[in-house]
Novice: 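I'd like to ask some things about the structure below.
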Amino acid sequence: MNISKGVVQRAKKIVIYGPEGIGKSTLAAQFPDVVFSDTEDSTLDMDVARLDKPTSWTMLLQQIEFIKANKPCQTYAVDTADWAEKLCKEFVVSKSEHANSIEDFGYGKGYTMLAEDWGNFLNKLSELTEVGINVVLTAHSQIKKFEQPDELGAYDRYELKLEKKTAPLTKEWADMILFANYRTMVVNVDNQGAAKGKNKAQGGQRVLFTTHHPAWDAKNRYGLPDEIPMDYSQISHIIVTQQNVVAPPVQQEELPVEIKNTAPVTEPNFQREEPTISKDIPKALVDLMVTNNVTEVEIQQIVSQKGYYTFDTPIANYDPGFISGVLVAAWNQVYPGIEELRKNNNY
């Protein structure tokens with residue numbers, strides 16, 4: 001048993017959220033040596049390093065495993081978390097033969113399953129910080145009515161644009177939550193008073209709010225002012241690089257969720273020649289095949305071996321539900337089977 005004292009420098013887990021177009025991606029791009037998983041093409045007009053756009057939840061998890069194994073950067077950014085959550089929802093739905101949406105599970109079961117897989121995602125991101133890689137999640141904001149349990153009345157507040165079970169997990173996970181918004185002032189223009197007269201908004205400076213407020217969620221553990229300009233230089237002294245990260249003396253406690261569907265042990269190769277794949281195959285499966293250098297023949301072999309379709313059935317003729325629910329959603333089981341076929345066939 002070791003007892004340590006003093007500040008431990010380690011990589012940070014940061015959430016940046018705000019309205020669309022405020023500059024969340026631009027701010028994330030200013031972090032040291034950043035690589036993006038861009039779920040919504042928001043960085044295409046920016047000169048940044050990015051992995052292929054993840055088109056499935058499985059592909060996004062594989063990208064995290066790739067970053068962890070190869071350490072190609074000092075910061076890993078997922079842009080945005082709410083679009084990543086959509087991939088997670090599709091993954092949860094694909095595991096059911098009868099559900100077409102997260103609502104179809106009934107009694108909130110779908111959202112419970114979503115929270116379990118989202119917790120697994122956050123735990124994997126925490127593993128990146130343990131090897132010295134900062135993690136940034138960007139997200140959109142939404143305005144929701146909030147009613148305090150000990151007060152009468154309700155009021156609007158800004159929140160993360162995530163589901164009610166995944167948003168709390170994300171806020172607990174983060175070391176710092178920064179709310180990006182415009183600093184505006186309401187000015188009365190007809191001398192009738194702000195309550196009764198005509199008003200207009202002035203200002204528009206982009207700022208970051210760093211502490212909790214009745215009107216928004218935010219937090220930091222580093223003594224930042226309540227409001228700072230939206231510029232990376234305002235927080236750069238907090239962000240550590242790989243050169244000065246010291247691993248914590250004790251293992252970080254993971255979020256209390258059940259971990260399922262872990263990524264394959266074999267590391268995906270993101271720098272390989274793409275196999276020739278039919279354009280009629282759904283993109284989510286194509287991306288996984290390209291990432292892992294899997295051919296159509298190998299898919300047909302493993303599928304026929306399991307008795308789903310005959311070997312001569314083209315993948316494009318497979319039922320779409322089979323492709324999304326068995327091949328894509330269960331890729332963590334499909335790919336090891338393909339590796340076994342390769343081993344047995346000596347190629």
Side-chain angles (χ1 to χ4, degrees), residues 36-44 50-67 78-79 83-102 104 117 121 260-347:
F36 281 84
S37 282
D38 186 353
T39 61
E40 58 172 55
D41 293 334
S42 57
T43 67
L44 295 186
R50 67 182 71 82
L51 297 167
D52 295 338
K53 178 181 178 179
T55 53
S56 68
W57 185 243
T58 303
M59 184 176 179
L60 179 58
L61 295 183
Q62 283 197 337
Q63 290 183 347
I64 297 172
E65 291 293 330
F66 172 78
I67 295 294
V78 178
D79 190 19
W83 279 56
E85 188 188 52
K86 292 180 181 179
L87 296 177
C88 191
K89 287 181 181 178
E90 293 172 1
F91 176 74
V92 170
V93 171
S94 69
K95 292 188 285 187
S96 170
E97 297 180 0
H98 309 290
N100 294 316
S101 76
I102 199 77
D104 292 344
D117 285 314
F121 166 70
K260 296 181 179 180
N261 299 299
T262 55
V265 174
T266 300
E267 189 61 45
N269 180 10
F270 288 95
Q271 300 174 348
R272 68 281 166 264
E273 294 184 1
E274 299 184 3
T276 302
I277 299 175
S278 170
K279 63 180 181 180
D280 296 323
I281 299 175
K283 181 171 174 54
L285 178 58
V286 170
D287 287 341
L288 291 173
M289 293 170 66
V290 169
T291 296
N292 295 276
N293 204 25
V294 172
T295 66
E296 291 185 55
V297 171
E298 289 175 324
I299 293 291
Q300 291 170 299
Q301 284 180 326
I302 193 68
V303 167
S304 63
Q305 184 184 78
K306 300 297 183 180
Y308 292 112
Y309 290 93
T310 59
F311 175 73
D312 58 353
T313 303
I315 299 175
N317 291 349
Y318 292 175
D319 181 85
F322 173 78
I323 292 177
S324 62
V326 176
L327 295 181
V328 175
W331 186 257
N332 297 333
Q333 289 77 47
V334 173
Y335 184 61
I338 292 174
E339 287 189 306
E340 190 65 27
L341 284 176
R342 291 173 175 174
K343 186 184 301 181
N344 293 336
N345 293 327
N346 295 319
Y347 71 91

Novice: Under a 4.5 Å cut-off applied to non-hydrogen side-chain atoms, are Met59 and Gln63 in contact?
Specialist: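 Of all side-chain heavy-atom pairs linking Gln63 with Met59, at least one is under 4.5 Å.
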Novice: Run the side-chain contact (heavy atoms from CB on, under 4.5 Å) test against Asp280 and tell me which residues pass, sequence neighbours left out.
Specialist: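 Partners of Asp280 under the side-chain contact (heavy atoms from CB on, under 4.5 Å) test: Ser278, Ala316.
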Novice: Not counting sequence neighbours, which residues clear ring-ring contact (aromatic ring centres under 6.0 Å, His included) with Phe322? List them please.
Specialist: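 With sequence neighbours excluded, Phe322 shows a ring-ring contact (aromatic ring centres under 6.0 Å, His included) to Tyr308, Tyr309, Tyr318, given in chain and number order.
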Novice: State which residues pass side-chain contact (heavy atoms from CB on, under 4.5 Å) with Asn317; sequence neighbours excluded, sorted by chain then number.
Specialist: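 Residues passing side-chain contact (heavy atoms from CB on, under 4.5 Å) with Asn317: Thr313, Pro314.
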Novice: Does the Ser304 side chain pair with the main chain of Gln301, one donor and one acceptor, at a distance under 3.5 Å?
Specialist: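 Checking the backbone N and O of Gln301 against the side chain of Ser304, a donor-acceptor pair under 3.5 Å is found.
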Novice: Side chain of Thr58, backbone of Val328: donor and acceptor closer than 3.5 Å?
Specialist: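 Such a contact is found between Thr58 side chain and Val328 backbone.
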Novice: Taking only residues two or more places apart in sequence, or in another chain, which ones meet Glu340 in a side-chain contact (heavy atoms from CB on, under 4.5 Å)?
Specialist: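 Glu340 satisfies side-chain contact (heavy atoms from CB on, under 4.5 Å) with Lys343, Asn344 only.
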Novice: Indicate yes or no: at least one non-hydrogen side-chain atom of Thr310 is less than 4.5 angstrom from one of Val303.
Specialist: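 Contact flag for Thr310/Val303 side chains = no.
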Novice: List for me each residue that meets ring-ring contact (aromatic ring centres under 6.0 Å, His included) alongside Phe36, sequence neighbours excluded, and say none if there are none.
Specialist: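 Not a single residue meets the ring-ring contact (aromatic ring centres under 6.0 Å, His included) criterion with Phe36.
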Novice: Give a yes or no on whether the backbone of Leu44 and the side-chain of Asp41 come within a donor-acceptor separation of less than 3.5 Å.
Specialist: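 No; judged by distance alone, with no hydrogens or angles, the pair does not exist.
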Novice: Should the pair Glu40-Lys53 be classified as a salt bridge under the 4.0 Å nitrogen-to-oxygen rule?
Specialist: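 No, this pair does not count.
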Novice: Given 3.5 Å as the limit, does a donor-acceptor pair link the side chain of Asp117 with the main chain of Cys88, or not?
Specialist: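 No; zero donor-acceptor contacts below 3.5 Å.
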Novice: Under the rule for side-chain contact (heavy atoms from CB on, under 4.5 Å), what residues qualify as partners of Lys89, not counting sequence neighbours?
Specialist: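 In terms of side-chain contact (heavy atoms from CB on, under 4.5 Å), with neighbours along the sequence ignored, Lys89 is linked to Glu85, Leu114, Glu163.
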